[in-house]
There are 2 protein chains.
Amino acid sequence: MSDEPTITTIARRAGVSIASVSRVLNGLPTRAETERRVMSVARELGYVPNSAARSLKSRRSNQIGFAMADIGNPVYLAMVREIQPMLKAAGYRLVLHSTNADAADEIDVLRGLGERYIDGLIMIPLRVTDGHLEMFAAARAPIVVIGSVPEGTPVDNVRVDSRAGVRLVVQHLHGLGRRRIGFVNGPLDTVPGAARSAAYAEALETLGLPYDRNLVEVGDFYRADGARAAARLLERVPDLDALLCANDLIALGALDVLRRAGRRVPEDVAVAGMDDTDLATIAWPPLTSVSLGSAERGRAAAELLLDRLDRDGRAPRTVTVEPRLVTRASTMGEETP
Amino acid sequence: MSDEPTITTIARRAGVSIASVSRVLNGLPTRAETERRVMSVARELGYVPNSAARSLKSRRSNQIGFAMADIGNPVYLAMVREIQPMLKAAGYRLVLHSTNADAADEIDVLRGLGERYIDGLIMIPLRVTDGHLEMFAAARAPIVVIGSVPEGTPVDNVRVDSRAGVRLVVQHLHGLGRRRIGFVNGPLDTVPGAARSAAYAEALETLGLPYDRNLVEVGDFYRADGARAAARLLERVPDLDALLCANDLIALGALDVLRRAGRRVPEDVAVAGMDDTDLATIAWPPLTSVSLGSAERGRAAAELLLDRLDRDGRAPRTVTVEPRLVTRASTMGEETP
DNA sequence: TTGTAAGCGTTATCAG
DNA sequence: CTGATAACGCTTACAA
């Protein structure tokens, strides 16, 4: 395992200066003979340019960060699947950060921007703290936030009208004749949790249904938490006829609980999730879910970031994605999705 | 947005040399007063060390690559979920590569090792070509391969005895009285496809069952392909009483097809998958599956790599993970998993 | 304890 | 067209 060849090695072996080597390697005009010699030595030695040296000189790392709570969540996964190939096509590598929704962790990532190991960052903060806002303001590289940020925050921003999304499902359930519509939400101090909570209340009001706090239960955004929360809800309100879940994972947990409790879905209880992840079509019965355009949001975020990396300077942009209701058997009683 | 502060900036502002700044920043012995001044300026300026410069000097990037076919596959996902926190704890960042199972792409990643933007690589090649082997041999940084490699390949290696895994399920199905055990495999020119194909034949033989090529169908490792392949198989062999699928995604496709065909699972056809991903417990009926220890393999790979980064030089190691049969309703006829 | 200076591997400028 | 040389930001002998 000989030492890594550098342009100096090549220069010596080819009998030219390192400047010439660099020129050849970068396709700058060079005498044919020189080029030939350099290329031949380079190939022979298996030369590969050192990225640290390049980055130091060029002030670009050709890496982009993606920070989200947990890659295991299918929503983020759907985003990564869009983002990664786009970045790759644009010549960037993807550095993945799972933050466990820990604000301190997220802020660490933001601080990391100063290290310049990434040229830009796509981030999905579950909660936006003052610490976040400070770092956004001081950031030394472009950031795209997926999720809502306060007006005036100097970052590009991709959001989804989850309010409209909640309204869509609630109307759907109401249209099916359901009147006791329970709601299993995620933590209220998270951005999506808070938004969905408000949207649920608003949607009920629009439909002239009373808001009954007994119908609302909060857990975390995972299947097991969803199951527990749904169980509590079911015990408290046995005559529930519909259940809206703040994401698909929660809905899966709810389905488990309902099945075990012997409730038929959708006959006894109609169940709907949010995010419309792949899991919705795997669940049984297939899960009605509001698509919040995860893939689309990922794509938009990557586009915004790549755009800004191309030429910076313009004002922050916001892209809003429209939610879309996808009805399946868990509310419709049809066998096939 | 002022220019990034460097140690030079700090040195000037603190009235000391860059060497002193560096020392303070690295916790080397320094006069208290100097330290105070430097730290105060550094904090005030929001100094963050430049990672490219550091890497160039230290010859370490503090990054590790993970290359797999498709992050959307729950098996790889399970691995990333183990690997990422371990690397993070050890001070490494994770660079993600999705290769679409394209050999050329994978080789590009291996070539990238020469750029030194990662200190090591965990890779799951779906096919191991001569190109791979060459690059393994020439690699300038440690590699851990998840999956089998030829004897003597100079990389650390984590494998699973998938042969034993297949045997476990086939025996299980046989023990349930099934005799017409179909097999939906992935592409035969992939490492897992080939291994599972051989193992299936072998398992039948061990049990004294005849190998009937009509009972075998090949598609890709995805749900839709699995569905198509299962449909072909079902049409050709209507009296099938069990179906082994080369992974859970294929099994999900098969479940769809069987349901649409009005076959009861497991009464008419018992279905089993492989990998025991999260999907197995989401599917309906819950899917019997052979765990190939994805999480465990991820963990082992990270351990091997971190170990070797600590001190290189020892001989390549191989860790083998034992498969484990997880029975659920898709073969057992129980309602609960 | 501190400063000077060399060097990590590139790119880019500026003379020849 | 080419070579010497100066950066890029940092760590680390070595000297003071």
Side-chain angles (χ1 to χ4, degrees), chain A residues 2-39 41-42 45-63 91 112-119 140-141, chain B residues 2-39 41-42 45-63 91 112-119 140-141:
Chain A
S2 59
D3 231 12
E4 207 79 4
T6 71
I7 52 170
T8 309
T9 330
I10 298 180
R12 244 192 315 261
R13 301 268 281 248
V16 298
S17 72
I18 61 166
S20 286
V21 175
S22 177
R23 274 186 220 106
V24 171
L25 260 22
N26 291 300
L28 298 177
T30 323
R31 189 157 52 110
E33 166 61 6
T34 310
E35 173 169 348
R36 208 189 47 65
R37 283 233 298 283
V38 168
M39 287 309 273
V41 174
L45 262 46
Y47 170 80
V48 181
N50 178 297
S51 66
R54 270 223 170 127
S55 291
L56 180 56
K57 190 82 214 229
S58 66
R59 303 160 159 288
R60 305 171 11 93
S61 63
N62 296 309
Q63 299 192 144
L113 279 183
E115 290 180 37
R116 314 247 61 151
Y117 70 89
I118 45 179
D119 297 333
R140 322 220 210 254
Chain B
S2 58
D3 230 12
E4 207 78 7
T6 72
I7 52 169
T8 309
T9 330
I10 298 180
R12 246 195 311 265
R13 300 266 280 249
V16 298
S17 74
I18 62 167
S20 286
V21 175
S22 177
R23 275 185 219 107
V24 171
L25 262 21
N26 290 302
L28 297 178
T30 322
R31 188 156 56 108
E33 165 61 9
T34 309
E35 173 169 348
R36 206 188 47 65
R37 282 233 298 282
V38 168
M39 287 310 273
V41 174
L45 262 46
Y47 170 79
V48 181
N50 178 297
S51 67
R54 272 226 167 122
S55 291
L56 181 56
K57 190 86 221 285
S58 67
R59 303 160 157 285
R60 304 169 14 92
S61 63
N62 296 310
Q63 299 193 143
L113 278 184
E115 290 180 36
R116 313 249 60 153
Y117 69 89
I118 46 180
D119 297 332
R140 321 219 208 259

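First the proteins, then the strands, lettered A, B, ... as listed; each starts at 1.
- Following rounding to the nearest Å, A:E33 (CD) and D:dT2 (C1') show an atom-to-atom distance of 14 Å.
- Distance B:I7 CD1 to C:dG3 P: 12 Å, rounded to the nearest Å.
- Scanning all heavy atoms of the two residues, the minimum distance from A:R37 to A:V16 falls at NH2-CG1, 4.0 Å.
- Going from atom OH of A:Y117 over to atom P of D:dG9 covers 19 Å, rounded to whole Å.
- When heavy atoms are screened at a 4.0 angstrom cut-off, A:S22 is found touching base atoms of the nucleic acid.
- Residue contacts for A:T34: at a heavy-atom cut-off of 4.0 Å it reaches the sugar-phosphate backbone alone, with no base atom in range.
- Residue A:Y47 contributes atom OH, which lies 6 Å from atom P of C:dT11 at whole-angstrom precision.
- Within 4.0 Å (heavy atoms only), A:I18 reaches at least one base atom of the nucleic acid.
- Between A:R12 atom CZ and C:dG9 atom C1' the separation is 13 Å, expressed in whole Å.
- Residue A:I10 contributes atom CD1, which lies 12 Å from atom C1' of C:dT10 at whole-angstrom precision.
- Across all strands, B:R59 comes closer than 4.0 Å only to sugar-phosphate atoms, never to a base (heavy-atom distances).
- Within 4.0 Å of A:S58, counting heavy atoms only, lies no atom of the nucleic acid at all.
- Sequence order on DNA chain C of the closest nucleotides to B:R23 and B:L56 puts B:R23 first from the 5' end.
- The distance from atom CG of A:N50 to atom P of D:dC8 is 18 Å, rounded to the nearest whole Å.
- Annotation: side chain of A:Q63 is in contact with side chain of B:Y117 (closest heavy-atom distance under 4.5 Å).
- With hydrogens and angles ignored, no donor-acceptor pair under 3.5 angstrom links the side chain of A:K57 to the base of C:dT10.
- Considering every non-hydrogen atom in both A:S61 and A:I118, the closest pair reads OG-CA, 3.3 Å.
- Put simply, B:R54 has a side-chain N or O that comes within less than 4.0 Å of OP1 or OP2 on D:dT11.
- Backbone-only engagement by B:P49 is indicated by non-hydrogen atom pairs under 4.0 Å involving sugar-phosphate atoms exclusively.
- Across the protein-nucleic acid pair, B:N26 atom CG and D:dC10 atom P stand 10 Å apart, rounded to whole Å.
- Ion pairing between a basic and an acidic side chain is recognised when a charged N comes within 4.0 Å of a carboxylate O; B:E35 and B:R31 show no such pairing.
- Looking only at side-chain heavy atoms (C-beta outward), B:N50 and B:R54 stay at 4.5 Å or farther from each other.
- Remark: A:S17 is in phosphate contact with D:dG3, judged by side-chain N or O atoms under 4.0 Å from OP1 or OP2.
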